[in-house]
Amino acid sequence: MTASADHALLLLADLGEASARAHTEATLVPAVSAALSRHLPLRRLDLRRGAAAPGAPEVRRGAGGETIAVFALRDAEGAVGCATMALGDGAALDVSPALLEAIGRLLAVALRQVQVLGRVAAIARRAQGEKRTLKEELDRVALPREVVAVGPAMRAIFQQMVPLVARQDTTVLVRGETGTGKERTGPRRRWG
């Protein structure tokens, strides 16, 4: 393997590790930029989701003497977007179309990954909210209205014990400190 091939493999491995640690687009771009900067004189990286990209990678000279590389972000599912890298002097020798295509494939996979992670996080947040709402609703309806128990510990005791004792024909004495919510309001009635 040549020195440039070794360099390209190290760059891609570093880029893969950096993108795997990113969980959002906000963390992906800095992580990828840092990885690229360790191997190339990167001045700026711009990733655009959904933007049209050239069919083949383009490398040209910028106004300030920098090298501008524009390439597609494509994975097995198709085009994801476009990337533009501004590189310092001498970088044109370090970036081949094959390397830019490989970087583009890796970044496309990383963008899809953070997109999926974002959807999973949104579903998890929604599920947590629904769980909280259902728990509050269950806490409100699980006990008869005349039970005063407000504290979570006392409510848990009532919710666990009442169904067990309600099937029996017996009297139950509830003991505890004053203010713990043992009392009930309204007329006496049987639960069960």
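Positions are given from 1, in the same order as the sequence printed here. What you see below is based on every heavy atom in this structure, not just the backbone, and it leaves out hydrogens, waters and symmetry mates.
By the 4.5 Å heavy-atom criterion applied to side chains, L11 and I103 are counted as neighbours. Side-chain contact between T133 and E130 is absent, with no heavy atoms from C-beta onward closer than 4.5 Å. Residues R61 and T67 are in side-chain contact: their nearest non-hydrogen atoms beyond the backbone lie under 4.5 Å apart. At least one side-chain heavy atom of L87 sits less than 4.5 Å from a side-chain heavy atom of L42.
Of the inter-residue distances, the one linking R21 atom CZ with T27 atom OG1 reads 10.5 Å to the nearest 0.5 angstrom. Here CZ of R112 is found 7.0 Å from CD of Q115. Values are rounded to the nearest 0.5 Å. Taking CG of D14 as the start and CG of L9 as the end, the distance is 12.5 Å to the nearest 0.5 Å. Here CG of L28 is found 8.5 Å from CD of Q113. Values are rounded to the nearest 0.5 Å.
The same ILVMFWY cluster, assembled from side-chain heavy atoms under 4.5 Å apart, contains both V95 and V32. Under a hydrophobic-cluster definition in which Ile, Leu, Val, Met, Phe, Trp and Tyr are linked whenever side-chain heavy atoms come within less than 4.5 Å, directly or via other members, L40 and L100 are assigned to the same cluster. No continuous path of ILVMFWY side-chain contacts below 4.5 Å connects L15 to L117, so the two sit in separate hydrophobic clusters. Both V29 and M85 belong to a common hydrophobic cluster when Ile, Leu, Val, Met, Phe, Trp and Tyr are linked at side-chain heavy-atom distances under 4.5 angstrom. Hydrophobic clustering of Ile, Leu, Val, Met, Phe, Trp and Tyr side chains at less than 4.5 Å, counting indirect connections, unites L47 with L99.
When all heavy atoms of A26 and P30 are compared, the pair lying nearest together is O-CD, 3.1 Å. Shown here for P97 and P57, the closest heavy-atom pair between the two residues is O-CG, 3.6 Å. Closest approach of G55 and R74 over heavy atoms only: O-NH1, 3.8 Å. Shown here for L106 and L12, the closest heavy-atom pair between the two residues is CD1-O, 3.6 Å. Listed here is the closest heavy atom pair of S19 and G16: OG-O, 3.1 Å.
In this structure, H7 contributes its side chain and H39 its backbone to a donor-acceptor pair below 3.5 Å.
Under a 4.0 Å N-O distance rule, the pair D46/R44 does not qualify as a salt bridge.
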| task | Apply side chain to side chain contact (heavy atoms under 4.5 Å, CB included) to R60 and V70, showing your working. | result | CA-CA 9 Å; R60 57 183 158 68; V70 181; 4.0 Å; yes

| task | Give the C-alpha distance, both sets of side-chain angles, the deciding distance and a yes or no for side chain to side chain contact (heavy atoms under 4.5 Å, CB included) between V109 and V80. | result | CA-CA 9 Å; V109 169; V80 175; over 6 Å; no

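The local environment of CZ in R48 is sparse, with at most 12 non-hydrogen atoms from other residues, nucleotides or ligands closer than 6.0 Å.
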